[in-house]
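Here the structure is a predicted model, which means the values were calculated and not measured. Below, each value reflects all heavy atoms present in this structure, side chains not excepted, and no hydrogens, waters or symmetry copies.
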Amino acid sequence: SAMRAPESHHAPATEAIPRFGGLGLAGSLVAIMFLHGFQSGWEKLRSDGSLGILVTSLAMFAVGFRDDLKPLGARKKLLLQIIIAAVAYLLGLQVNLFKNPFTGQIIDLHSYGIFLTVFWLVAMTNLINLVDGIDGLAGGVTLMLMCLLAYVSYAGTSLQFVIATGMAGALLSFLRFNFPPARIYMGDGGAYFLGFLIGAMTIANSHKGTVLAAMIAPVIALGLPIIDTLLAIIRRGLKGLPLFRADRKHLHHRLMQRGLSRTKTVLLLYAISIVFLLMAFALFWSEQRYTPIAFGLAFLIFLFLLQGRAMGLDWLTVGRAVGNSRQLRRRTQYVMTLGCWLEMEGERHATLDGLWEDFTFMVRKVGFNRVKVVLADGHRTWQSDAHDPKTAQREHVYEFNPGARMLVILQTSDTSTDRYIYSHLSEWTAEAWLKAVIRWRDDKQKPISFGGKAASDHPPIVAAPSPVNPG
């Protein structure tokens with residue numbers, strides 16, 4: 001069965017969009033707190049953890065902004081996030097008491113509160129960053145959360161209300177330029193900043209240090225990205241992939257692969273997020289009396305989203321993956337190892353033809369008997385001696401755009417191996433070629449081209465979907 005992959009995150013240079021929208025959002029927080037301090041007195045900034053919110057939120061923005069300029073690496077970013085969250089705890093943003101939403105029992109966490117605080121802040125930081133996969137989605141979701149926080153803090157600390165309403169206004173202005181088609185992205189800097197700020201404000205708004213609806217309500221409001229993330233972890237675990245490895249099978253990717261435009265995809269996800277937001281408002285209004293009902297509704301929505309493989313995971317897929325788990329994981333690790341080798345080879349070859357020869361070696365080792373790569377100016381084809389065009393073939397087609405249109409077609413006549421396994425292996429084989437080509441392009445500073453025989457017998461390269469927001 002033919003299948004098609006969306007474009008790479010690497011858009012053509014002519015479509016480059018600045019990723020520094022987070023700079024304006026962080027500047028908005030500084031302006032909000034400065035104006036409030038100027039009007040109401042500077043002592044306000046030293047109370048209720050307000051100074052801690054400002055300092056640590058800006059520090060988290062700095063980590064993301066640095067990563068936008070030059071990648072830091074996942075481990076280094078996580079370490080810096082943990083350090084900043086720990087500093088926030090020392091500055092007064094603490095969760096020391098926890099109220100069981102089902103029994104009402106108050107639990108004193110004592111010194112263990114720092115672990116819950118750090119976990120909460122780091123989780124919220126990365127959760128918003130995960131949402132930021134398509135134009136306007138993260139900005140719209142965080143706008144909804146700021147409205148929720150404004151309501152939660154309305155009867156509480158006035159500064160928290162001012163921050164929430166002020167940031168809601170800043171996000172409205174940002175969405176004017178970030179809604180599809182985006183003219184600016186928030187980048188990791190903006191996503192880290194907003195995620196951490198939301199996490200910090202929920203702690204500051206929690207009643208007398210107790211985690212009440214002020215923290216549970218945002219969890220419900222973020223039900224969609226939480227469900228999407230959990231399913232992504234399950235999906236990668238079943239396939240033997242690193243749990244936090246990025247992929248193109250999140251909900252918004254699936255919707256776009258089904259033909260929805262970026263605008264329609266974002267609006268649909270807004271509608272689903274609003275349902276979760278209304279549940280969060282109801283939870284706060286009821287003072288947590290309906291917490292079990294809220295979680296029950298969230299679970300029902302979770303089951304609904306599973307239908308039609310909308311989330312990239314269905315029960316038949318799970319069944320096949322579990323049944324083939326050992327074989328799938330072993331072959332996944334093998335393909336990933338070959339992919340790392342091929343990517344490093346991208347720096348060794350002077351021409352793309354040299355890299356192509358290495359790719360055919362990988363294709364043969366994985367188990368495909370024919371591969372074709374088509375570029376705008378030419379194509380290359382390899383097939384094994386055992387390939388018989390008269391035999392039924394399993395064909396997998398992928399289209400990418402790493403600065404130039406590129407089609408990858410993989411075929412196999414092996415019917416003894418589960419179709420799901422070959423579909424999975426073809427995806428990662430095609431991605432290995434994409435990464436190797438990008439590395440070759442960046443190292444040699446050459447356009448992606450075979451520079452040889454004109455392509456005359458290949459399928460036409462049709463227009464690919466618009467690139468998904470990389471920031």
Side-chain angles (χ1 to χ4, degrees), residues 9-11 13 15-35 45 50-89 91 93 118 120-143 145-146 163-164 166-179 182-201 225 244 246 442 467-471:
H9 281 322
H10 300 268
E15 298 179 6
I17 298 175
R19 303 182 59 187
F20 304 135
L23 190 62
L25 295 170
S28 298
L29 177 63
V30 174
I32 290 167
M33 298 191 76
F34 178 82
L35 291 174
L45 298 181
S50 301
L51 185 60
I53 292 177
L54 176 63
V55 173
T56 51
S57 295
L58 292 179
M60 194 64 79
F61 163 75
V63 172
F65 191 71
R66 171 63 173 78
D67 189 59
D68 287 327
L69 297 175
K70 185 177 181 181
L72 289 171
R75 292 182 179 179
K76 186 178 293 185
K77 285 190 292 186
L78 180 60
L79 178 60
L80 290 172
Q81 289 172 3
I82 292 174
I83 292 173
I84 293 171
V87 171
Y89 180 87
L91 292 176
L93 288 171
V118 170
W120 172 259
L121 292 173
V122 172
M124 291 296 292
T125 298
N126 288 285
L127 193 58
I128 298 301
N129 190 46
L130 288 172
V131 176
D132 190 29
I134 186 173
D135 301 350
L137 182 56
V141 171
T142 51
L143 172 61
L145 285 168
M146 285 299 173
I163 293 175
M167 289 306 301
L171 284 164
L172 277 174
S173 299
F174 171 74
L175 281 172
R176 172 67 178 80
F177 302 96
N178 184 242
F179 196 79
R183 284 172 281 173
I184 190 170
Y185 296 145
M186 66 172 62
D188 283 352
Y192 285 3
F193 166 74
L194 290 172
F196 186 88
L197 179 61
I198 290 169
M201 289 180 65
F244 298 100
D442 293 344
V468 175
N469 173 10

Output the distance between atom [atom1] ([X]) and atom [atom2] ([Y]), rounded to the nearest 0.5 Å.
X	Y	atom1	atom2	value
Leu137	Leu175	CG	CG	10.0 Å
Met124	Leu145	CE	CG	6.0 Å
Phe61	Leu197	CZ	CG	13.0 Å
Leu121	Phe196	CG	CZ	4.5 Å
Phe34	Leu29	CZ	CG	13.5 Å
Thr125	Ile198	OG1	CD1	9.5 Å

Is the closest side-chain heavy-atom distance between [X] and [Y] below 4.5 Å?
X	Y	answer
Ile84	Val87	no
Met186	Phe20	no
Met167	Leu143	no
Met60	Thr56	no

Examine distances only and state if a side-chain atom of [X] and a backbone atom of [Y] form a donor-acceptor pair shorter than 3.5 Å.
X	Y	answer
Arg66	Lys70	yes
Asp188	Asp67	no
Asp68	Gly187	no
Asn129	Ala191	no
Asn126	Val122	yes
Ser57	Leu54	no

Between Phe193 and Phe65, is the gap from one ring center to the other below 6.0 Å?
no
Answer yes or no: are there more than 12 heavy-atom neighbours, outside Arg183 itself, under 6.0 Å from its atom CZ?
yes
